[in-house]
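A, B, ... follow the sequence lines: proteins, then strands. Residue 1 opens every chain. Treat the numbers as computed from the prediction; the structure is a model and nothing was measured.
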Amino acid sequence: MSSIVVQLPDGSERELPAGATAYDLAADIGPGLAKAALIATVDGQERDLNTELTTGASVALITDSSEQGLETLRHSTSHVLAQAVLELWPGATFAIGPPIEHGFYYDFELPKGGTFSDEDLERIDTKMRDIIAADQPFVRGEVSAAEALEMFADHKYKRETIERVTGAEDPELATEVAADGTVSYYRNSDSFVDLCLGPHVPSTGRLGHFKLMSVAGAYWRGRENEPMLQRIYGTAWSSKKQLKQHLHRLEEAAKRDHRKLANELDLVSWPQELGPGLAVWHPKGALVRKIIEDYSRDRHENGGYDFAFSPHIAKANLWETSGHLDFYADGMYPPMELDGATYYPKPMNCPFHVMIYKSSQRSYRELPMRIFELGTVYRYELSGAIHGLLRSRGFTQDDSHIFCTREEMQDELASLLEFVLSVLKAFGFDDFQAKLSTRPPEKSVGDDEIWEAATDGLRAALETAGLDYVVDEGGGAFYGPKIDVDVKDAIGRAWQLSTIQADFNLPERFDLEYVANDGERKRPVMIHRALLGSVERFFGVLLEHYAGAFPVWLAPMQVQILPVAEAHDDYAHDVAAQLKTAGFRAEVIAATDPLGKRVRNGKSAKLPYVLVVGDDDVANNTVGVNARGLDVERDVTVDAFLARLANDVETHA
RNA sequence: GCCCGGGUAGCUCAGUCGGUAGAGCAAUUCACUCGUAAUGAAUAGGUCAGGAGUUCAAUUCUCCUCUCGGGCUCCA
């Protein structure tokens, strides 16, 4: 009896009888692992558990406690979804069904253009649970492309996938077929077989902690000109507890929805009379926005920026010179004809700032010139893309264009990133992820040297800042490399806010120059940058980040003062006056409602502080303090409370 | 723009198998004056998103439009 020896991840070796599978290895290590293992990696390649091992292989067993294991579980669940749908809808066909973050989806086409309803999801769920209860094995097979075409004769999307196998590797098909043309399939019953690269869990019985979430339309291959398929989304986890936690997180995220909070807290509304994506800012929302904008202006003023203002529309000629009409016409609002000229609403502020630069001859002594504007731009977003404040057709960028020499560029980029992070931190974000996008392989403008210098400058800035970043090779715009900065919010969601982009294009297009110290005329480099991105969007992100409970410096109302009874009104107003004099936002809520109710209202409005004043306080010049999220504190002197408020504002607590 | 699902009082929602609607909160008035998360009563409030069609009768059925949501696509 011959035997084989395999290597485990910890470096140890294990001897097994010849012909042993990955499952046998798991069982040999222990019954717990045999039960938990879903797939294995053999020499780094993911394989089914029933894969036969060969001597010398290094093998790792993958359980559902790893991302890889979870992905497999989700992928297998998507197969069960497809099986259920094909059984319930004779004549239906299926396209692709990969695992995604938190779950999976599968795309279908129903006979006669049919669609799924919410009730259908329940039926499908029931059928899926039947399939899981039947504990059907996932059995892998391999065939030639010709045989595969035969096997999936009734399924045009599968055939199309097989036919594309021989072409270049296609990331969207990575879970379907191998790039080398091997066509594999998985069969888990007589009636269901799916084209698939695998691997899969050993049998359907290993699944079950899933929930079908929603139905959506999705273009075949994600292309607008291809048919719209019916996509079913689901979430899947390795335990009931994890599934429950995930659903709970979704509920928490829903509670933070800025559109809901904006309504509840009376900040912003979207009257239907105005049109899609158009909001009005109520006094409280406008106050928060003003604080954000004022803070941004202060920081820029201290950061060496010059302020500018520019109009909302400009003649077509400007947009022709800038290239926007060539590259971005679809995203622009339609033109208007005025006095025989054609005007466009601005989708960006850059050409205006360029005009300011060009308004006189520039010397190297004036550079870097940093032009800053809270500039409102208009972009024609597709109606289906509009989403509250996060995606709208008009928004205000905290936009700046920096004109500098080539030599100054690197230092400028480095200090910019520092500035960006410092401002974002001031708003309570401290978890960042950056992306460096480099020169695209096709068309781009600018010489190699300048691309290299800018990219190095950006990279060095990232390194110096100690920021986590990924490199998107070739992901830059044609006119220059860039850094995008994402922040993570209080519940771990990433939002892209800031961007820093070098631009070698606009200086050419507008023929920008400066006079260098040797008297030569030279071309400056331009840097575009936005920190908050869009003020409206940033406000929405902040609202979700804080779940509506703004820190004291941002809170539209900072303090409510509740007199216990009418007799304490004068004292309450006196305290309010002291707070207002000290520059805080405070109001008195008279005792027309019971105290308990007024406290409740104040808490529901997420006020940082609710003060209660009664006989004791009038006598001792104190207040009772309800700080948001903390226990009641009695007998706090007014002076002590003022100091506390001042500290909160100062520290952005 | 495309697919699916919604739109009923200021808000959150119920309801009408076709006979023009109801609750809670909010609002207003009155009473209550209260030490920490909902005091009580009364009143008012709706062309059931808009338009057209079918019908004796449409908030309800059909179609169109607007708009919102979830996706897809897009975001130089």
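With C1' as the reference atom, A42(B) and G51(B) are 40 Å apart, rounded to whole Å. C11(B) and G46(B): their C1' atoms are spaced 14 Å apart (whole Å). G10(B) sits 13 Å from U28(B) when the C1' atoms are compared, rounded to a whole Å. Rounded to the nearest Å, the gap between the P atom of A49(B) and that of G15(B) is 15 Å. A21(B) sits 8 Å from C48(B) when the C1' atoms are compared, rounded to a whole Å. The same atom, C1', is picked in G45(B) and in G24(B); the two are 15 Å apart, to the nearest Å. Comparing the same atom, P, in C30(B) and in A38(B) gives a spacing of 25 Å after rounding to whole Å. Nucleotides U60(B) and C3(B) place their C1' atoms 26 Å apart, quoted to the nearest Å.
Taking the six-membered ring where tryptophan is involved, the planes of His312(A) and Tyr378(A) are tilted, since the angle between them lies from 30° to 60°. The aromatic rings of His401(A) and His353(A) lie perpendicular to each other, with more than 60° between the two planes, well past the 30° mark. Using the six-membered ring where Trp is involved, Tyr479(A) and His528(A) have ring planes that are tilted, between 30° and 60° apart. Ring orientation note: the planes of His102(A) and His246(A) are tilted relative to one another, at an angle of 30° to 60°. Ring pair Phe504(A)/Trp451(A) is perpendicular by interplanar angle, where above 60° counts as perpendicular and below 30° as parallel.
Across the protein-nucleic acid pair, Ile561(A) atom CD1 and U36(B) atom C1' stand 16 Å apart, rounded to whole Å. Distance Leu382(A) CG to C3(B) P: 14 Å, rounded to the nearest Å. The nearest whole Å value for the distance from the OH atom in Tyr571(A) to the P atom in G35(B) is 18 Å. Rounded to whole Å, atom P of C3(B) lies 21 Å from atom CZ of Arg221(A). Rounded to an integer number of Å, the gap from Met332(A) CE to C75(B) P is 16 Å. Gln560(A) places its CD atom 15 Å from the P atom of A37(B), with the value rounded to the nearest Å. The nearest whole Å value for the distance from the CG atom in Leu265(A) to the C1' atom in C11(B) is 13 Å. The distance from atom CG of Asp107(A) to atom C1' of C4(B) is 14 Å, rounded to the nearest whole Å.
Each of C74(B), A37(B), U73(B) was ranked by its minimum atom distance to the side chain of Arg600(A); first place goes to A37(B).
When ring centroids are compared, His545(A) and Phe429(A) come within the 6.0 Å threshold. Ring pair Trp89(A)/Phe94(A): centre-to-centre distance not below 6.0 Å. Taking the six-membered ring for Trp and the full ring otherwise, the centers of Tyr469(A) and Phe432(A) sit at least 6.0 Å from each other.
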Distances for protein N or O near nucleotides 66-72 of chain B N or O, under 3.5 Å:
{"from": "U67(B)", "atom 1": "O2'", "to": "Gln272(A)", "atom 2": "OE1", "distance (Å)": "3.3"}
{"from": "U67(B)", "atom 1": "O2'", "to": "Gln272(A)", "atom 2": "NE2", "distance (Å)": "2.6"}
{"from": "G69(B)", "atom 1": "OP1", "to": "Arg259(A)", "atom 2": "NH1", "distance (Å)": "2.9"}
{"from": "G70(B)", "atom 1": "OP1", "to": "Arg259(A)", "atom 2": "NH2", "distance (Å)": "3.3"}
{"from": "G70(B)", "atom 1": "OP2", "to": "His387(A)", "atom 2": "ND1", "distance (Å)": "3.4"}
{"from": "G71(B)", "atom 1": "O3'", "to": "Tyr233(A)", "atom 2": "OH", "distance (Å)": "3.0"}
{"from": "G71(B)", "atom 1": "O2'", "to": "Tyr233(A)", "atom 2": "OH", "distance (Å)": "3.4"}
{"from": "C72(B)", "atom 1": "OP1", "to": "Tyr233(A)", "atom 2": "OH", "distance (Å)": "3.4"}
{"from": "C72(B)", "atom 1": "O4'", "to": "Gly217(A)", "atom 2": "O", "distance (Å)": "3.2"}
{"from": "C72(B)", "atom 1": "O2'", "to": "Tyr219(A)", "atom 2": "N", "distance (Å)": "3.0"}

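Remark on RNA chain B: of its neighbouring residues Pro594(A) and Phe116(A), the 5'-side contact belongs to Phe116(A), judged by nearest-heavy-atom nucleotide. Toward the 5' end of RNA chain B, the nearer of the two residues Gln230(A) and Thr592(A), judged by each one's closest nucleotide, is Gln230(A).
Among the atoms of the strands shown, base atoms are found under 4.0 Å from some heavy atom of Lys603(A). Note on Glu264(A): nothing from the nucleic acid sits closer than 4.0 angstrom, heavy atoms only. As judged by a 4.0 angstrom heavy-atom cut-off over every strand, Asn263(A) is placed among residues touching the sugar-phosphate backbone only.
Defined by atom type and a distance below 3.5 Å, a donor-acceptor pair is present between the side-chain atoms of Thr235(A) and Trp237(A).
Applying the side chain to side chain donor-acceptor pair (under 3.5 Å) test to pairs two or more places apart or on separate chains, none has a residue in residues 590-604 of chain A. Screening residues 257-269 of chain A for side chain to side chain donor-acceptor pair (under 3.5 Å), with sequence neighbours left out, gives Asp257(A)-Arg259(A), His258(A)-Glu544(A), Arg259(A)-His387(A), Lys260(A)-Glu264(A), Asp266(A)-His282(A), Ser269(A)-His282(A).
The side chain of Lys597(A) contributes no N or O atom lying less than 4.0 Å from OP1 or OP2 of C25(B).
Every salt bridge (charged side-chain N to carboxylate O under 4.0 Å, His left out) that Lys127(A) has, sequence neighbours left out, goes to Glu87(A).
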For RNA chain B, the dot-bracket notation using Watson-Crick and G-U wobble pairs below 3.5 Å, [ ] for pseudoknot-type crossings and | for other-strand pairs, is (((((((..((((.....[..)))).(((((.......))))).....(((((..]....))))))))))))....
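Contacts between residues 616-634 of chain A and RNA chain B, defined by a heavy-atom separation under 4.0 Å, are made by Asp616(A), Asp617(A), Gly624(A), Asn626(A), Val632(A), Arg634(A).
A salt bridge does not link Arg634(A) to Asp617(A): none of the charged nitrogens lies less than 4.0 Å from a carboxylate oxygen.
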